[in-house]
Amino acid sequence: MLQQLTELGEPLSAQVGPTTMTDQLAQIDAMFPAGRHVQIGTRTVTGLDRTVQETLTDAAGAMTSPLSAISLHSLHGAAARVPADASAFRNRTPHLMVETIAVWEPGDPAEDQHRAWVQGTDRLPGGYPNLLGPEDTERTAAAFGPNAERLLAAKKRYDPDLVFHAPGRL
């Protein structure tokens, strides 16, 4: 799979290997200093087939801010060995999470273009539940699948006043 990624173009950075969550988050912090505007889109794909490659190549070519990025997360191994009903997330098959991350400075007149760029991966399916917005009700429901009913029951029991709630979300 790594070979397929390198064929898409020259990455700004490529890192493969074990890391701690603390180290991973520290690497990301520099991209998001206080005050920067960010919009993240997320999709889930089973691999880098032609449609995925074309979509990612098109998105990279259309990037509207030099601060923006496309990030791929490989969810294989241990994440794929958990039974679907053992956690909230339904998708326990090996897959890639694609993030399109639009980043721009305050006052940038191209804000609408940056936000539209994130939607440029709409040809791809799915999405990571924690990064779906309130308008993504169908993709959120699909991400939780048959677990949605169990999660809604737990939500009703433990948060009846909707203290932790995003409009349109489960």
Side-chain angles (χ1 to χ4, degrees), residues 1-5 8 11 14-29 31-32 38-60 68-103 115-170:
M1 179 175 315
L2 208 47
Q3 178 64 33
Q4 286 179 298
L5 287 173
L8 293 175
Q15 181 180 350
V16 176
T19 187
T20 66
M21 183 58 77
T22 301
D23 289 343
Q24 175 137 1
L25 292 174
Q27 291 175 358
I28 296 169
D29 284 347
M31 190 174 174
F32 305 107
V38 177
Q39 180 161 335
I40 299 175
T42 176
R43 299 294 173 172
T44 305
V45 297
T46 57
L48 295 172
D49 63 26
R50 183 184 270 303
T51 299
V52 173
Q53 289 180 33
E54 288 174 358
T55 301
L56 296 178
T57 300
D58 291 349
S68 296
I70 299 170
S71 179
L72 298 172
H73 303 268
S74 177
L75 298 164
H76 294 76
R81 290 191 292 269
V82 176
D85 63 354
S87 72
F89 301 147
R90 170 179 93 163
N91 190 355
R92 291 300 173 173
T93 59
H95 62 282
L96 296 169
M97 180 183 65
V98 176
E99 285 181 287
T100 47
I101 308 167
V103 183
R115 291 184 185 283
W117 174 76
V118 169
Q119 300 306 315
T121 56
D122 278 351
R123 293 186 284 175
L124 301 178
Y128 186 68
N130 286 1
L131 296 175
L132 294 173
E135 70 283 354
D136 291 316
T137 54
E138 287 182 31
R139 291 194 305 142
T140 300
F144 292 115
N147 296 333
E149 187 174 320
R150 176 174 55 90
L151 294 169
L152 288 169
K155 173 92 172 137
K156 185 176 181 179
R157 179 176 177 195
Y158 294 106
D159 186 22
D161 298 326
L162 299 177
V163 172
F164 302 101
H165 178 74
R169 299 292 299 268
L170 287 176

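Side chains are part of it too, since the values below use all heavy atoms of this structure and drop only hydrogens, waters and symmetry mates.
Proximity of Leu131 to Glu99: side-chain heavy atoms (C-beta onward) are separated by under 4.5 Å at one or more points. Looking only at side-chain heavy atoms (C-beta outward), Leu124 and Val52 come within less than 4.5 Å of each other. Looking at heavy atoms from C-beta onward, His73 lies out of side-chain contact with His95 at the 4.5 angstrom threshold. Within the 4.5 Å cutoff, side-chain heavy atoms of Leu56 are placed close to those of Val98. Side-chain atoms of Met97 and Tyr128, non-hydrogen and from C-beta on, do get closer than 4.5 Å to each other.
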Steps toward side-chain contact (heavy atoms from CB on, under 4.5 Å) verdict (Leu96, Thr44) = CA-CA 6 Å; Leu96 296 169; Thr44 305; over 6 Å; no
Chi angles and distances behind the side-chain contact (heavy atoms from CB on, under 4.5 Å) call for Thr46, Thr93 | CA-CA 8 Å; Thr46 57; Thr93 59; 5.5 Å; no
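Between the CZ atom in Arg90 and the CG atom in Leu151 there is a gap of 12.5 Å [rounded to 0.5 Å]. For the atom pair Ile101 CD1 and Phe32 CZ, the distance stands at 5.0 Å (nearest 0.5 Å).
Scanning for side chain to side chain donor-acceptor pair (under 3.5 Å) contacts around Thr51 gives an empty result, with sequence neighbours left out. Under the side chain to side chain donor-acceptor pair (under 3.5 Å) criterion, Thr57 pairs with no residue at all, not counting sequence neighbours. Shown here are the side chain to side chain contact (heavy atoms under 4.5 Å, CB included) partners of Ala59, two or more places apart in sequence or in another chain: Ile70, Trp117, Thr121. Judged as a side chain to side chain contact (heavy atoms under 4.5 Å, CB included), and not counting sequence neighbours, the contacts of Gln53 are Gln4, Leu8, Leu48. With sequence neighbours excluded, no residue satisfies salt bridge (charged side-chain N to carboxylate O under 4.0 Å, His left out) with Arg150. Legend: residues meeting side chain to side chain donor-acceptor pair (under 3.5 Å) with Thr20, ordered by chain and number and at least two apart, are Asp23. Applying the salt bridge (charged side-chain N to carboxylate O under 4.0 Å, His left out) criterion to Asp159, with sequence neighbours excluded, gives Lys155. A search for side chain to side chain contact (heavy atoms under 4.5 Å, CB included) contacts involving Pro125 returns Val45, not counting sequence neighbours. Taking Asp85 as the reference, nothing meets the salt bridge (charged side-chain N to carboxylate O under 4.0 Å, His left out) condition, with sequence neighbours excluded. For Asp161, the side chain to side chain donor-acceptor pair (under 3.5 Å) criterion is met by no residue, not counting sequence neighbours. A search for salt bridge (charged side-chain N to carboxylate O under 4.0 Å, His left out) contacts involving Arg50 returns Glu54, not counting sequence neighbours. Listed by chain and number, the residues in a side chain to side chain contact (heavy atoms under 4.5 Å, CB included) with Ala79 are Arg92 (sequence neighbours excluded).
Defined by atom type and a distance below 3.5 Å, a donor-acceptor pair is present between the side-chain atoms of His76 and Ser74.
The closest donor-acceptor contact from the side chain of Asn91 to the backbone of Ala143 lies at 3.5 Å or more, if one exists at all.
Closest approach of Ala102 to Val118, counting heavy atoms only: CB-CG2, 3.4 Å.
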